[in-house]
Enquirer: 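Just dropping this structure here.
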Amino acid sequence: QKEVEQNSGPLSVPEGAIASLNCTYSDRGSQSFFWYRQYSGKSPELIMFIYSNGDKEDGRFTAQLNKASQYVSLLIRDSQPSDSATYLCAVNPPGKLIFGQGTELSVKP
Amino acid sequence: KAGVTQTPRYLIKTRGQQVTLSCSPISGHRSVSWYQQTPGQGLQFLFEYFSETQRNKGNFPGRFSGRQFSNSRSEMNVSTLELGDSALYLCASSLGGSLSSYNEQFFGPGTRLTVL
C-alpha cells in the first residue's frame with residue numbers, strides 16, 4: 001500500500017461544476033495535510049492546508065479531513081478552466097512529508 | 001518578499017559526473033527541503049535541512065547529499081550521476097517549526113537535470 005494514494009485521473013468536469021479530489025494515507029501519526037496545485041512545467045503551489053478534522057474553506061476551495069478514515073479531500077466550487085492542473089496531496093507523518101502521485105484535473109469550457 | 005530561487009534552471013551532464021544545485025529560501029525561512037520529481041515516481045522527498053543540520057532524510061542512496069549554510073541557503077550534490085537521475089529537482093522552504101510537524105512549504109522553480 002502506498003503511503004499516500006490519489007486517483008491519477010484525469011478528472012474532467014464542466015466549467016462551473018464542483019470538482020472533488022480525494023486522497024487517502026496510511027500513517028495514522030500524520031499531523032498535517034496539504035493540497036498543492038501544479039501547472040504543467042511549473043513547480044507546486046500551496047493552495048490549502050488542514051490540521052484538524054472537519055472542513056476548512058478558503059474562497060472556492062474546501063479541504064475536508066477525516067483522520068479516523070485516513071482521508072482528506074479537496075472540493076473546488078465553480079470550477080474554472082484555469083483550475084486545470086495536477087493536484088498533489090501531501091501528508092506529514094512525523095519527520096517527513098509524503099506526496100501522492102497527483103490527480104490531473106481538466107475543466108472544460 | 002522574494003520567493004525561493006534555484007540555480008541553475010537547466011543542466012545537462014553525462015553519466016559518472018557530479019552536479020551541485022543551489023537553493024536560496026524565502027527570507028526568514030530556516031528550513032529547506034529537497035525533492036526529486038519524475039513522471040514515473042512523482043515527487044519524492046530527498047532531505048530537509050534546518051539550522052545547518054540535516055533533520056530528515058528520504059530513501060535515496062548516499063550519492064545524494066546536501067548542506068545548508070548559516071544564511072539558510074542550501075546546496076544539493078549528486079555524485080556519480082546515473083541516467084535515472086534525470087529529473088526535476090525542487091527545493092522548498094518553510095519557517096521550520098517543530099521537528100515532526102511541517103509548516104507550509106513554498107517551492108522554487110526547480111532545476112531540470114538531464115543525464116546523458
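A quick note: this is a predicted structure, and the numbers were derived from the prediction, not measured. Chain letters run A, B, ... following the sequence lines, proteins first, then strands; residues in each count from 1.
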Enquirer: Are B/Ile26 and B/Tyr89 joined in one hydrophobic group, where the rule is that I, L, V, M, F, W and Y side chains link up if heavy atoms are under 4.5 Å apart?
Expert: no

Enquirer: Give, as side chain, backbone, both or neither, the part of B/Leu43 having an atom under 4.5 angstrom from any heavy atom of chain A.
Expert: both

Enquirer: Indicate, with yes or no, if B/Val78 and B/Phe60 share a hydrophobic cluster defined by side-chain heavy-atom contacts under 4.5 Å among Ile, Leu, Val, Met, Phe, Trp and Tyr.
Expert: yes

Enquirer: Is it possible for you to say whether A/Tyr51 and A/Leu88 belong to one hydrophobic cluster, with membership spreading through side-chain heavy-atom contacts below 4.5 Å?
Expert: yes

Enquirer: Are B/Leu90 and B/Trp34 grouped together when hydrophobic residues (ILVMFWY) are joined by side-chain heavy atoms under 4.5 angstrom apart?
Expert: no

Enquirer: Does B/Asn71 CG have over 12 foreign heavy atoms under 6.0 Å away?
Expert: yes

Enquirer: Residues in side-chain contact (heavy atoms from CB on, under 4.5 Å) with A/Gln70, at least two apart?
Expert: A/Tyr25, A/Arg28

Enquirer: Specify the closest pair of heavy atoms between B/Glu104 and A/Tyr36, including all atoms of both residues, with the distance to one decimal.
Expert: C-OH, 4.5 Å

Enquirer: Return the NZ to CG distance between A/Lys42 and B/Leu88, rounded to the nearest 0.5 Å.
Expert: 12.0 Å

Enquirer: Applying salt bridge (charged side-chain N to carboxylate O under 4.0 Å, His left out) as the test, list every pair that has at least one member in residues 77-86 of chain B; sequence neighbours left out.
Expert: B/Arg63-B/Glu82, B/Arg63-B/Asp85

Enquirer: With a 4.5 angstrom heavy-atom cut-off, could you sort out which part of A/Glu45 is near chain B: side chain, backbone, both or neither?
Expert: neither

Enquirer: Heavy-atom count check: over 12 atoms from other residues, nucleotides or ligands less than 6.0 Å from A/Lys108 NZ?
Expert: no

Enquirer: Is there a side-chain contact between B/Gln105 and A/Leu46 in this structure, where contact means two heavy atoms from C-beta onward sitting under 4.5 Å apart?
Expert: no

Enquirer: Tabulate, in ascending numerical order, the residues of residues 107-116 of chain B having at least one heavy atom closer than 4.5 Å to a heavy atom of chain A, or enter 'none'.
Expert: B/Phe107, B/Gly108, B/Pro109

Enquirer: Return the set of residues passing side-chain contact (heavy atoms from CB on, under 4.5 Å) with B/Pro39 (not counting sequence neighbours), or none when no residue passes.
Expert: none

Enquirer: Could you verify whether a donor N or O on one side chain and an acceptor N or O on the other, from A/Gln101 and B/Gln41, lie under 3.5 Å apart?
Expert: no

Enquirer: Tell me the closest heavy-atom pair linking B/Tyr35 and A/Leu97, and the distance in Å.
Expert: OH-CD2, 3.3 Å

